[in-house]
Structure formats: C-alpha cells, structure tokens
Protein chains: 2
Amino acid sequence: MPRPTVQRLSLYLRELERLAAEGRTTVSSRHLGTSSGATDAQVRKDLGFIGHAGQPGVGYAIDDLIVAIREAIGVHRAWRAAIVGAGNVGRALAAYGRFQEEGFVIAAIFDQSPAVVGRQVAGMPVQAMEAMPRAVRDGAIDIGIIAVPPEQAQPVADALVAAGVRGILNFAPTRLQVADRVATVDVDFRSALERLAMEVSERSRSRRER
Amino acid sequence: MPRPTVQRLSLYLRELERLAAEGRTTVSSRHLGTSSGATDAQVRKDLGFIGHAGQPGVGYAIDDLIVAIREAIGVHRAWRAAIVGAGNVGRALAAYGRFQEEGFVIAAIFDQSPAVVGRQVAGMPVQAMEAMPRAVRDGAIDIGIIAVPPEQAQPVADALVAAGVRGILNFAPTRLQVADRVATVDVDFRSALERLAMEVSERSRSRRER
DNA sequence: CGGTGTGAATCTGTTCACAGCC
DNA sequence: GGCTGTGAACAGATTCACACCG
C-alpha cells in the first residue's frame with residue numbers, strides 16, 4: 001500500500017466518522033474526495049487497496065468502510081504509547097485528549113531531569129528514564145514518542161528500541177537511525193514551518209512577476 | 001522546486017549548522033546525505049535546484065550553502081506568526097523556544113474563550129478573537145497558526161485569511177479550504193500516529209509470513 | 001443517469017552511471 | 001582519487017478515460 005494512500009485513508013476515516021454521526025449511510029468517492037482534498041479517482045484507487053466495497057450508482061457503505069479502514073491502517077486495536085520528554089511538547093501531547101479517542105493510550109511519561117521526575121502530568125507521574133525499559137516491557141508499550149531536544153533524540157531512540165518498542169513517533173528535528181524492524185515517523189514543526197515559509201515566498205515571487 | 005526537496009533542504013540546513021559550529025568549512029554530498037537520510041545523488045540534485053555551488057573533488061562550501069538554503073526556503077528574513085487557540089497545543093507552541101531561533105517570531109496568541117483571554121502564555125497575554133484582525137494588520141503578521149478543535153478550524157482560517165495572513169500552519173485535523181494566494185501546511189498528529197500504527201502492523205505482518 | 005473499478009497514459013521524483021573537474 | 005553535475009533509466013503515484021453496473 002503506497003505511503004500517501006495511508007495518509008489519505010486516515011483523512012477519509014475522519015470524514016466518514018463525521019458523516020456517520022450525521023446519520024448518513026452511504027458516500028460517493030466524489031464527496032469523500034472533495035472533503036479530504038483528493039480527486040474521486042484517487043479515492044477509488046485508495047479504497048481499492050483495502051478491498052473495494054463500493055456499489056456502482058450508490059457509493060460506499062459508510063459503516064463497512066469505517067471498519068475496513070480501521071482494520072487496514074491498524075487502529076482497530078488499542079496501541080499503548082509512552083512519551084519520553086516532559087517538556088512543553090511532551091506535556092502537551094500527554095494532555096492532548098484526542099489521541100485517546102482514537103485508540104492510542106498514553107501509558108507513561110518519562111524524563112531525564114530529576115527536577116521533573118515525580119511531578120504529575122495529565123494524571124500520570126513523570127518517571128525517571130531508568131524506569132523506562134522495565135515499564136515498556138511490563139506495560140506492553142508498543143510505541144515510543146520522542147519529545148526531547150535533538151541532541152538526546154538518538155540515544156533515547158536507542159534506549160526505546162532496546163526496551164522493545166515497535167514504533168517511534170519522533171518530534172525531534174533529527175533523522176533517527178534505528179533497526180529496521182522498528183518503524184519511525186517524524187513530526188517536525190520546524191520543517192513544517194519552513195515548508196510554509198517557502199510556499200509563502202514562492203507565492204509572493206510569482207505574484208510579483210505577474 | 002519539488003516539495004520533498006524543500007523538506008530535505010531544511011534537514012541539510014540543520015546538519016550544515018552543526019558542522020559550521022564544529023568549525024568545518026566544506027562538506028560532501030555523501031556526508032550530507034547519510035546524516036539526513038538521503039543518497040548523495042539526491043543531495044546533489046536538491047542543491048542543483050538552488051543554484052549549485054559545489055566544487056568537484058572538494059565538496060560544498062558550508063557557509064555559502066547555509067546562506068543559499070536559507071534564501072531558497074525563505075528563512076533569511078524573520079517571519080511573524082500569530083497562534084490562534086490557547087489550549088494545550090497552542091500553549092506548547094507558544095512556549096516552544098526553538099521557533100524563535102529559526103527566524104519565526106510568535107507575535108501574538110488568541111483564543112475565543114473569555115475564560116482564557118487575559119491570561120499570560122509564554123509572556124504574552126492571550127487576546128480575544130475580536131482583536132485578531134487589527135493585530136494582524138498592525139503587527140504585520142505573516143503567518144497564522146491554527147491550534148483549535150477541528151470544528152473551529154475552518155472559520156478561524158477564514159478569519160485569518162480575511163485579516164490578511166499569507167500562510168497558515170494548521171494543527172487541526174481538517175483539510176482547510178482557502179484562497180490560493182494563501183499557503184497552508186498541515187501538521188497532523190493523528191495521521192502521523194496512524195501512519196506509524198500502519199507501518200508497525202505491516203512489519204509484524206511480514207515478520208509473521210517469513 | 002450517477003457511480004464504481006481499472007488498465008493505460010502521464011507526471012513527478014529518485015536512482016544510476018558516467019563524463020568532467022580539482 | 002575524490003567528488004560534482006547531469007542526462008537517461010526507473011519507480012512510484014496520480015490522472016484519465018472508459019467499460020460496466022444498479
């Protein structure tokens with residue numbers, strides 16, 4: 001399944017959930033597309049990957065589709081995640097309620113600094129890094145979320161991998177090197193901002209030329 | 001310039017700044033590549049887009065390259081940004097020092113809720129939404145950062161566009177519809193997590209098959 | 001009709017491979 | 001020998017276009 005497809009599937013999922021809440025039962029590829037920024041053909045291709053379920057002339061059955069997408073992208077079960085780093089980003093993530101709704105449970109939060117260890121964040125005590133390996137094993141943690149400064153990101157990643165996590169969500173602006181049995185996804189504010197800066201400049205440039 | 005190129009340029013920039021701090025003066029495409037997760041050919045292609053500056057047998061002059069990349073991606077000047085939404089995400093962004101270092105200045109923060117307006121966040125008072133249009137004009141705000149719940153994202157975007165911002169960084173899990181003179185970039189935690197979930201599932205699946 | 005499913009064409013981005021320069 | 005710049009081959013993803021179904 002193409003990487004971009006996965007990304008779009010989760011957008012479709014959101015729209016489908018909205019439609020389901022409104023009581024709709026079917027939806028066309030056209031509708032799903034425009035509300036998620038894709039073309040209708042794109043939507044049909046994407047849905048083709050997860051085993052098509054559409055009815056010509058009618059569209060897709062919303063409920064079935066929700067189940068199928070959840071299954072396909074692996075959110076049909078609950079994932080247990082641990083946050084490393086109780087700074088601004090880590091705390092915001094811990095408090096970000098929306099994860100829970102979607103099947104991601106923040107099970108623990110860790111920090112290196114003794115000054116922070118022991119404090120409560122979103123109802124959980126911040127634990128020392130030393131406690132992490134054991135907590136990951138005992139708490140059946142699948143995913144590590146890295147919210148530490150860039151210099152510490154790689155060592156933290158190594159520790160998480162050694163402890164046995166299967167995926168890492170990385171908020172630090174660094175490329176992590178990990179064993180390839182472990183999946184990593186980067187969320188990089190800075191490069192998002194830079195992408196934006198770039199596009200804004202580009203637009204004013206082309207405006208000037210006109 | 002291809003979208004993925006821009007993304008990588010900002011990774012190169014980080015590595016270049018690190019190397020410059022170490023006192024190095026030149027760098028090869030190979031080095032730049034491995035440290036940012038790209039191939040050497042890729043790096044050369046990317047740098048080709050911004051007007052090549054490399055010397056065969058030697059590599060690229062680090063200082064020149066830093067300037068050239070900054071110019072190319074539009075971070076050679078300071079951008080002024082305003083955050084809308086003083087919830088967890090908005091507050092974390094306001095406090096996230098790293099932006100400042102990179103030429104993005106958070107100039108103001110707004111929220112709809114009277115309960116929050118007036119409180120201090122990262123040394124700034126949270127302002128009412130009604131104050132936004134004027135603040136954007138008077139404060140020469142280039143960029144709006146949306147950190148509100150998904151239902152409010154579109155109206156907030158409309159208000160920002162009407163007030164005259166030129167770019168929007170969107171942290172809400174919604175696709176925004178805006179005039180195309182305005183650039184938007186999405187940062188979506190949820191779909192990042194879902195992508196991760198997907199990749200983790202995929203890996204265990206292929207492991208099982210082996 | 002309105003709508004899906006899908007091969008074929010196209011576009012976009014990446015890798016290869018190699019000539020040429022220091 | 002080390003390293004860049006770049007056409008040419010390749011791979012991946014998107015769009016097109018159209019047959020087919022209710």
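Throughout, a chain's letter reflects where its sequence line sits, starting with A, and its residues are numbered from 1.
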Separation of C:dG5 P from A:Asp40 CG (nearest whole Å) | 12 Å

A:Arg70 (side chain) donor-acceptor with A:Val75 (main chain) under 3.5 angstrom = no

Of C:dT4, D:dT4, C:dT15, the nucleotide closest to the side chain of B:Tyr60 is D:dT4

From the candidates C:dA17, C:dT4, C:dT6, the one with an atom nearest any side-chain atom of B:Arg44 is C:dA17

Whole-Å gap separating P (D:dT15) and CZ (A:Arg30) = 14 Å

Do any N or O atoms from the side chain of A:Arg137 and from the backbone of A:Gly164 form a donor-acceptor pair under 3.5 angstrom?
-> no

Length of the line joining A:Gln42:CD and C:dT10:C1', which is rounded to integer Å = 14 Å

Distance in angstrom units between A:Leu32 CG and C:dG3 P, rounded | 13 Å

Between B:Gln55 and A:Arg3, the residue closer to the 5' end of DNA chain D by nearest nucleotide is B:Gln55

Do the side chain of A:Asn170 and the main chain of A:Val185 share a donor and acceptor less than 3.5 angstrom apart?
-> no

Whichever of B:Arg8 and A:Val58 has its nearest DNA chain C nucleotide further upstream toward 5' | A:Val58

Can you tell which of C:dT4, D:dT14, C:dG13 lies closest to the side chain of A:Ser28?
-> C:dT4

Taking atom C1' of D:dT6 as reference, at what distance in whole Å does atom CD1 of B:Ile50 sit?
-> 17 Å

Spacing between B:Ile62 atom CD1 and D:dT4 atom P, to the nearest angstrom | 12 Å

Give B:Ser29 one of three labels, base, sugar-phosphate or nothing, depending on what nucleic acid heavy atoms sit under 4.0 Å from its own.
-> sugar-phosphate

Option among B:Ser28, B:Ser29, B:Ser36 that satisfies the side-chain contact (heavy atoms from CB on, under 4.5 Å) test with B:Val43 = B:Ser29

Separation of B:Leu65 atom CG from D:dG5 atom P, in whole Å?
-> 10 Å

Where the side chain of A:Trp79 meets the backbone of B:Glu194, is there a donor-acceptor pair that is under 3.5 Å apart?
-> no

When the distance from CD of A:Gln7 to C1' of D:dA13 is rounded to whole Å, what number comes out?
-> 14 Å

Considering only heavy atoms and no angle criterion, is a donor-acceptor pair shorter than 3.5 Å present between the side chain of B:Lys45 and the base of C:dT15?
-> yes

From the list C:dT14, D:dC16, C:dT15, which nucleotide is the closest neighbour of the side chain of B:Ala41?
-> C:dT15

Proximity to the side chain of B:Pro56 - top-ranked nucleotide from D:dT4, C:dT15, D:dT15 = D:dT4

Would you mind classifying the nucleic acid contact of A:Gly48 as base, sugar-phosphate or nothing, using non-hydrogen atoms under 4.0 angstrom?
-> nothing

